[in-house]
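FYI, side chains are in, hydrogens and waters are out, and symmetry mates aren't considered; it's all heavy atoms of this structure. All figures in this text were calculated on a predicted structure; none of them were measured in a lab.
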Amino acid sequence: MRKVTLDIETTGLNPKEGHKIIEIGCIELVNNFPTGRAWQQYINPNRNIPQEAYEIHGLTEEFLKDKPTFIEVTKSFINFIENSTLIIHNAKFDIKFINYELEAINLEPINLEILDTIDIARKIFPGQSVSLDALCKRYRIDTSKRKYHGALLDAELLAEVYLEMQGGRQQGINLKLK
């Protein structure tokens with residue numbers, strides 16, 4: 001069974017207000033084991049990056065200006081995630097952006113099974129924080145490389161969190177993705 005953890009970084013919180021995806025990161029799992037396959041792309045949003053967004057992900061307009069646009073990476077992205085179940089932390093946010101971008105270029109929205117790890121975590125830890133940072137801390141997952149949010153790094157952390165929620169180390173799953 002193929003699953004893909006997915007995360008995005010954006011210029012803001014609402015695509016209907018003109019905010020865009022600026023990074024997508026994906027990690028492949030097969031039968032709940034990391035395969036070592038990943039897909040990551042920085043994306044030129046062709047717009048400014050507000051200071052509040054920069055403070056979260058550290059990506060600048062200067063860094064992104066020579067990167068491909070969303071339409072240029074769409075085929076590669078869709079090919080990577082096809083025939084998988086997507087694992088996303090706060091899926092409503094990421095899928096809203098991805099589908100908005102797809103519809104803007106006249107493509108169909110994502111039609112894959114989606115597991116939202118926030119929903120899973122709320123069942124496991126009712127009434128507690130279920131942010132990715134809180135879950136990493138709870139499962140003793142090293143976040144020392146994480147100065148800023150980054151889509152690929154967060155997808156890697158999410159893969160580790162998801163595998164821990166599935167029994168992880170108790171089941172002998174090797175969580176080292178790199």
Side-chain angles (χ1 to χ4, degrees), residues 1-15 19-43 52-59 70 77-78 80-82 84-102 109-169 171 173 175-178:
M1 177 182 232
R2 185 171 185 268
K3 297 175 183 164
V4 171
T5 61
L6 181 148
D7 188 60
I8 65 171
E9 298 303 328
T10 65
T11 62
L13 300 176
N14 191 342
H19 290 287
K20 299 285 194 172
I21 296 172
I22 57 176
E23 184 187 9
I24 303 173
C26 302
I27 298 292
E28 180 184 63
L29 305 172
V30 174
N31 297 323
N32 283 346
F33 285 89
T35 66
R37 285 189 68 221
W39 188 93
Q40 186 267 349
Q41 183 64 61
Y42 292 108
I43 299 168
E52 313 85 67
Y54 167 78
E55 289 171 8
I56 293 169
H57 49 62
L59 298 174
F70 184 83
F77 169 61
I78 296 298
F80 189 84
I81 66 170
E82 71 183 351
S84 71
T85 296
L86 297 179
I87 300 167
I88 306 172
H89 200 72
N90 192 13
K92 289 177 187 161
F93 179 84
D94 295 49
I95 293 300
K96 173 179 66 174
F97 266 93
I98 292 167
N99 284 342
Y100 192 88
E101 296 264 14
L102 289 171
I110 297 290
N111 187 23
L112 297 169
E113 180 183 4
I114 298 170
L115 299 176
D116 191 332
T117 50
I118 282 185
D119 295 338
I120 297 168
R122 283 183 177 143
K123 290 176 183 163
I124 298 170
F125 305 108
Q128 298 179 45
S129 173
V130 293
S131 70
L132 187 57
D133 286 333
L135 293 171
C136 286
K137 186 174 183 178
R138 191 168 288 123
Y139 287 118
R140 287 182 247 115
I141 294 168
D142 182 11
T143 60
S144 62
K145 296 186 294 185
R146 190 175 187 231
K147 179 179 178 188
Y148 291 107
H149 286 253
L152 185 59
L153 177 57
D154 286 357
E156 290 173 355
L157 293 172
L158 180 58
E160 292 190 58
V161 164
Y162 174 75
L163 294 174
E164 284 297 319
M165 287 195 277
Q166 302 306 302
R169 294 177 203 129
Q171 302 298 321
I173 296 173
L175 300 176
K176 292 300 172 204
L177 299 170
K178 286 187 174 181

Whether D116 side chain and A91 backbone form a donor-acceptor pair below 3.5 Å: yes
Parallel, tilted or perpendicular: rings of Y148 and Y54 (30°, 60°): tilted
From I27, N31, I87, residue fulfilling side chain to side chain contact (heavy atoms under 4.5 Å, CB included) relative to K3: I87
Over all atoms of both residues, closest heavy-atom pair of C26 and F80: CB-CE2, 3.6 Å
Flag if over 12 foreign heavy atoms under 6.0 Å of CG, L13: no
S84 side chain to R2 backbone, donor-acceptor under 3.5 Å: no
Of I98, I21, L102, the residue whose pairing with F77 passes side chain to side chain contact (heavy atoms under 4.5 Å, CB included): I98
Student check: side-chain heavy atoms of K96 and P15 closer than 4.5 Å: yes
Shortest non-hydrogen contact between M165 and Y139, atoms and distance: CG-OH, 3.3 Å
Donor + acceptor pair across side chains of S131, D133 (<3.5 Å): no
Heavy-atom closest pair, residues L6 and L158: O-CD2, 4.0 Å
Intermediate values then yes/no, side-chain contact (heavy atoms from CB on, under 4.5 Å), R122 and V130: CA-CA 7 Å; R122 283 183 177 143; V130 293; 3.9 Å; yes
Heavy-atom donor-acceptor pair, E23 side chain to A151 backbone, under 3.5 Å: yes
Any donor-acceptor N/O pair, T85 side chain to E113 backbone, under 3.5 Å: no
Side chain to side chain, E164 and V161, heavy atoms closer than 4.5 Å: no
Side chains of L157 and D142 in contact at under 4.5 Å (non-hydrogen atoms): no
H89 side chain vs D7 backbone, donor-acceptor pair below 3.5 Å: no
Expected output: side-chain D154 to main-chain H149 donor-acceptor under 3.5 Å: no
Side chain N32, main chain L163, donor-acceptor under 3.5 Å: no
Heavy-atom check, side chain of W39 versus side chain of E28, under 4.5 Å: no
